[in-house]
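Here is the structure we will look at.
We count residues from 1, following the sequence as given.
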Amino acid sequence: MARIKVDSDDDGKRVAIVNRIKEVARSQMREVGSASISLRAIARELDITAPALYRYYPDRDALITDLIVDAFNALADAVEAADQAQPPDHYAERMYAAIHAYRMWAVEHPTDFLLIYGTPIPGYVAPRDQTVPAVQRTFVPFVRILFEADQAGVLTVPTEDEVDDPAMRAHFEALVHTEGVPLSYRHMSIAIDVWHRLYGLIMLHILAHSPATVGDVEAYYRLKLRHMLKDMNLLPENFE
C-alpha cells in the first residue's frame, strides 16, 4: 500500500490535515487500542465526510502504515541523536546514551511504542518496503557501536551468550546488510540480545506490571542496565 503523497500546490494545508488525522488516530489508539482505528470515526471527529478523508488515506491500513513509519523514525531519531552527542571513541557512553534514549522515548510515547511492538493488528500486513527501512534505523546505531567497540578491542561478550547455531547465524547474516557498514552476524546477534532484554523492561513498565513485581521501577532498570553494560565491558565510569 503506497503512502499518501502531498500535492505541491497545497502542501501546507494537506500536511496540516494529515497531521490532524494522525493525532485523532493516536487518540483512538490510547482510548480503544490500535486494532480499533476507524477512518469513519476519525472523519466524524474532524467533522468531515468519509469520502473526503479517503482523499488523504485510501483505507485504514494506509493510515496504520504511516503511523508505524512515523513511530519508528521518531524512535530512531532519538537514538541517533543520543549516540551522536557522545565522542565517537567513548563506546560505553555511546551505548548507555543510546539505550537510555530508546527507553525514554518508549516511556514518553507508550501509544506509539505499543503500536510498533505491541499486539499485532488483526488483518493488517505491514508493507515491508515502507516499514523495514524505518525498523532498521532503530537498530543500526546499536550495531554500529558494538562493531566499533569490538574493532577497538573494547567489547567483551561471555562465550555462553554468543550465538553459533548455523540457522540462526544465517538469519543474522541476512540482517546485517544495511548502510554499507561491514557488520557481522556476531554484532547483530549481540544487538538483538540487548534489544530483547531492554524490550522486556520497557514493556512491563509501559503496561504497569513492574511496580508490583520489582517495587522501585527506576532502581530496578538501572540495576539491570548496569549488568547488561558490564557484561559487554561497556559500563561508563560515571554510571551511578
>> Please find the pair of heavy atoms, one from Arg60 and one from Ala35, that lie closest to each other, and give the distance.
In response: NH1-O, 3.7 Å
>> I'd like to check Thr156 versus Met232 (side-chain heavy atoms, cut-off strictly below 4.5 Å). Are they in contact?
In response: no
> Closest approach of Arg222 and Phe239, non-hydrogen atoms and distance?
Replying inline: O-CZ, 3.6 Å
>> Hydrophobic cluster membership, with links at side-chain heavy-atom distances under 4.5 Å among I/L/V/M/F/W/Y: are Val214 and Leu204 in one?
In response: no
> Listed by chain and number, what are the salt bridge (charged side-chain N to carboxylate O under 4.0 Å, His left out) partners of Asp216, not counting sequence neighbours?
Replying inline: none
>> Run the side-chain hydrogen bond (donor to acceptor under 3.5 Å, both in side chains) test against Glu218 and tell me which residues pass, sequence neighbours left out.
In response: Arg103
> Excluding sequence neighbours, so at least two apart, what forms side-chain contact (heavy atoms from CB on, under 4.5 Å) with Asp150?
Replying inline: Leu155, Arg186, His187
> Step by step, would you call Asp77 with Arg137 a salt bridge (charged side-chain N to carboxylate O under 4.0 Å, His left out)?
Replying inline: CA-CA 8 Å; Asp77 288 344; Arg137 284 193 60 212; 2.6 Å; yes
> Do Met95 and Val154 belong together in a cluster built from hydrophobic side chains that touch within less than 4.5 Å?
Replying inline: yes
> Is it true that a side-chain atom of Tyr117 and a backbone atom of Asp112 form a donor plus acceptor pair closer than 3.5 Å?
Replying inline: no
> Between Ile64 and Val32, is there a shared hydrophobic cluster once you connect ILVMFWY residues whose side-chain heavy atoms come closer than 4.5 Å?
Replying inline: no
> Can you check whether Pro236 reaches Leu229 side chain to side chain, under 4.5 Å on heavy atoms?
Replying inline: yes
> Partners of Glu148 by salt bridge (charged side-chain N to carboxylate O under 4.0 Å, His left out), sequence neighbours excluded?
Replying inline: Arg94
>> Using side-chain heavy atoms (C-beta onward) and a distance below 4.5 Å, is Ile37 in contact with Leu67?
In response: yes
>> Are Leu75 and Tyr102 packed together at the side-chain level, in the sense that at least one heavy-atom pair is separated by less than 4.5 angstrom?
In response: yes
>> Checking side-chain contact (heavy atoms from CB on, under 4.5 Å) between Ile68 and each of Val135, Asn73, Leu115, Leu63, which is the one that passes?
In response: Leu115
>> As a test of understanding, state which of Arg197, Lys224, Arg226 forms a salt bridge (charged side-chain N to carboxylate O under 4.0 Å, His left out) with Asp231.
In response: Arg197
>> Taking side-chain hydrogen bond (donor to acceptor under 3.5 Å, both in side chains) as the definition, give me every residue that meets it alongside Tyr91, ordered by chain and number, with sequence neighbours left out.
In response: none
> Which residues pass the ring-ring contact (aromatic ring centres under 6.0 Å, His included) test with His109, sequence neighbours left out?
Replying inline: Trp105
> From Leu235 CG over to Met228 CE, what is the distance, rounded to the nearest 0.5 angstrom?
Replying inline: 12.0 Å
> Are any of the side-chain heavy atoms of Phe142 and Val79 separated by less than 4.5 Å?
Replying inline: yes
>> The criterion is side-chain contact (heavy atoms from CB on, under 4.5 Å); which residues satisfy it with Thr49, sequence neighbours excluded?
In response: Pro51, Ala52
> Between atom CG of Asp66 and atom CD of Gln130, what is the distance when rounded to the nearest 0.5 Å?
Replying inline: 8.0 Å
>> To the nearest 0.5 Å, what is the distance between CD1 on Ile145 and CG on Leu234?
In response: 8.5 Å
>> Measuring only between side-chain heavy atoms, which start at C-beta, is Arg14 closer than 4.5 Å to Tyr56?
In response: yes
>> Could you tell me if the side chain of Lys22 sits less than 4.5 Å from the side chain of Tyr57, heavy atoms only?
In response: yes
>> Would you compute the distance between atom CD1 of Ile42 and atom CD1 of Ile48 and round it to the nearest 0.5 angstrom?
In response: 9.0 Å
> If every non-hydrogen atom of Gln28 is compared with every non-hydrogen atom of Ser36, which pair is closest and at what distance?
Replying inline: OE1-O, 3.8 Å
> Who passes salt bridge (charged side-chain N to carboxylate O under 4.0 Å, His left out) against Glu23, sequence neighbours left out?
Replying inline: Arg20
> So does Tyr220 have more than 12 non-hydrogen atoms from other groups sitting under 6.0 Å from OH?
Replying inline: no
> Partners of Ser27 by side-chain hydrogen bond (donor to acceptor under 3.5 Å, both in side chains), sequence neighbours excluded?
Replying inline: Glu31
> Listed by chain and number, what are the side-chain hydrogen bond (donor to acceptor under 3.5 Å, both in side chains) partners of Asp89, not counting sequence neighbours?
Replying inline: none
> Quick one: ring-ring contact (aromatic ring centres under 6.0 Å, His included) partners of Phe139, sequence neighbours excluded?
Replying inline: Trp195
>> What's the separation between atom CE in Met203 and atom CG in Leu198, rounded to the nearest 0.5 Å?
In response: 10.5 Å
>> Taking the side chain as everything from C-beta on, heavy atoms only, tell me whether Asp47 gets closer than 4.5 Å to Arg44.
In response: no
>> How close do Leu201 and Ser210 get, counting heavy atoms only, and between which atoms?
In response: O-OG, 4.4 Å
> Partners of Ala50 by side-chain contact (heavy atoms from CB on, under 4.5 Å), sequence neighbours excluded?
Replying inline: Arg40, Tyr54
>> On a heavy-atom basis, which atom in Pro127 and which in Tyr124 lie closest, and how many Å separate them?
In response: CD-OH, 3.5 Å
>> Show the nearest heavy-atom pair for residues Ala78 and Ala101, with the distance to one decimal.
In response: O-CB, 3.6 Å
>> Rounded to the nearest 0.5 Å, what separates atom CG in Leu146 from atom CD in Gln151?
In response: 12.0 Å
>> I'd like to know whether Leu207 forms a side-chain contact (heavy atoms from CB on, under 4.5 Å) with Leu114, so could you lay out the CA-CA distance, the side-chain angles of the two residues, the decisive distance to 0.1 Å, and finally the verdict.
In response: CA-CA 9 Å; Leu207 296 177; Leu114 289 172; 4.2 Å; yes
